[in-house]
Structures are given as structure tokens and as C-alpha cells.
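FYI, side chains are in, hydrogens and waters are out, and symmetry mates aren't considered; it's all heavy atoms of this structure.
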Amino acid sequence: MTDESPVMSRALSCLKGMKRAKQFRPAGAPTRQEQKRDADKWRGSAAERGYNRRWGKARLTHLDRYPLCRGCDAEGMIVAATIVDHVDPHHGEPDKFWDTDMWQSSCKWHHDSVKQRLEQMYTRGQATLSDLWLDSPLAVRIAKGMRCDEA
């Protein structure tokens, strides 16, 4: 016998048959695919920015050596890293791109939220290069604040 009540069981079976609603997109607005294509025209494709086979091998080597997210580790959590982040934004400069001393392992959450906020602050002069490391006191403070917002 299952732990589900008959009402809950009926509700779940109804949900299984439901299709996800289409996302609203105003007439004439670009699709996500068109947006990505436009972004590639502006900043160059991933391959043009240096993310090629050589990068793929270097990325895997780095993640083998440093498998945990640096930001999560600083917060006392053990989370596997999936991204190798360039601490110093390289903006296509090969010397910065391949400076392995300035790479850090990151989970997607830290890369897509905390690091983006840190880079915005860095651009505005509100953070230093050392603040861009995900285990810096500023990064840890930002991460804790963002986690509180999610709760």
C-alpha cells in the first residue's frame, strides 16, 4: 500500500497528463534561438572565443584536479564543479584566457549568479580582482545573501 491519499493520487495522475504551457512571446519578438544567434554575432561564437577542443581538454584536466566548487567549499558545502571559470574576465585575450593560475572550479549556481554579480561590481569599480575568487569574503557574503533571498 502506498502512502499517498486517494485525493493526492488523483491529483498526481492529472498532472502527469498535462502539457507544459507555451511561454508567452510577443509578436515579432525573437525566439531564444534567434537571441543566441544575435549574441554570437556580437561577441563571436564559442569557438571564436577560444572554447574549442584544446579548451575542452584543459577544462577536464582542471576539473579532475579541482573537482569541487570553490564557492560552495568556502560555505562549507561539498558540491561538484561543472564549470571552469576565468577569474579575471578575459574578453577574448588569449594570454588571460590560458592563464591557468586564474581559473577556478565552480558549480553552475555560483558561476551564473554570484560570479556575475561580482563581475558587475568589478566593472563598476566596486570590487577588486581578488574579490572575483568565489572564496573571497565578498563572494561568500554575496552568496549567503542570495541564498537567503531564495528561501
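Ser105 has its side chain within reach of Leu63: a pair of non-hydrogen atoms, C-beta onward, lies under 4.5 Å apart. Counting heavy atoms from C-beta on, the side chains of Val114 and Trp109 come closer than 4.5 Å. Using a 4.5 Å cut-off on side-chain heavy atoms (C-beta onward), Trp55 and Trp98 make contact. Counting only heavy atoms from C-beta outward, the side chains of Val84 and Ser106 never approach each other to under 4.5 Å. Side-chain contact between Ile142 and Leu118: present, with at least one pair of heavy atoms (C-beta onward) separated by less than 4.5 Å. For the pair Pro89 and Glu119, the minimum side-chain heavy-atom distance is below 4.5 Å. Contact of the Asp99 side chain with the Asp88 side chain is not registered, since no non-hydrogen atoms from C-beta on lie closer than 4.5 Å.
No hydrogens or angles considered: nothing links the side chains of His111 and Gln104 as a donor-acceptor pair under 3.5 Å.
Atom NZ of Lys108 is surrounded by 12 or fewer heavy atoms from other residues, nucleotides or ligands within 6.0 Å. Summarising the local packing, CZ of Arg124 is surrounded by more than 12 heavy atoms from other residues, nucleotides or ligands at distances under 6.0 Å.
Taken together through direct or relayed side-chain contacts under 4.5 Å among Ile, Leu, Val, Met, Phe, Trp and Tyr, Met102 and Met121 form part of one hydrophobic cluster. The cluster map of Ile, Leu, Val, Met, Phe, Trp and Tyr, joined by side-chain heavy atoms under 4.5 Å apart, puts Tyr122 and Met146 in the same cluster.
Between Asp101 and Trp133, the shortest heavy-atom contact is O-CH2, 3.3 Å. Shown here for Val87 and Leu129, the closest heavy-atom pair between the two residues is CG1-O, 4.2 Å. Taking both residues in full, the closest heavy atoms of Ala143 and His110 are given as CB-NE2, 3.9 Å, listed atom of the first, atom of the second, then distance. Looking at every heavy atom in both residues, Val140 comes nearest to Ala74 through CG2-CB, 3.8 Å. Considering every non-hydrogen atom in both Cys72 and Cys107, the closest pair reads SG-SG, 3.8 Å. Closest non-hydrogen pair, Leu138 versus Ala127, comes out as CD2-CB, 3.9 Å.
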Worksheet entry | Trace of the side-chain contact (heavy atoms from CB on, under 4.5 Å) decision for Leu68 with Val79 | CA-CA 6 Å; Leu68 300 179; Val79 176; over 6 Å; no
Worksheet entry | Stepwise side-chain hydrogen bond (donor to acceptor under 3.5 Å, both in side chains) test for Arg117 and Gln120 | CA-CA 5 Å; Arg117 175 106 26 112; Gln120 289 169 357; 5.0 Å; no
Fill in: Stepwise side-chain contact (heavy atoms from CB on, under 4.5 Å) check, His62 with Thr100
CA-CA 9 Å; His62 182 85; Thr100 59; 5.9 Å; no
Practice prompt. Could you give me the CA-CA distance, side-chain angles and deciding distance for Thr128 and Asp131, then say whether side-chain hydrogen bond (donor to acceptor under 3.5 Å, both in side chains) is met?
Written response: CA-CA 5 Å; Thr128 65; Asp131 290 326; 3.1 Å; yes
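A distance of 12.0 Å separates SG of Cys69 from CD1 of Ile78, quoted to the nearest 0.5 Å.
The aromatic rings of His86 and His90 sit perpendicular to each other, their planes meeting at more than 60°, with 30° as the lower class boundary.
With Ser136 contributing its side chain and Leu132 its backbone, the two residues share no donor-acceptor pair below 3.5 Å.
When each of Lys115, Arg70, Arg141 is checked for a salt bridge (Lys or Arg N to Asp or Glu O under 4.0 Å) with Asp135, only Arg70 meets the rule.
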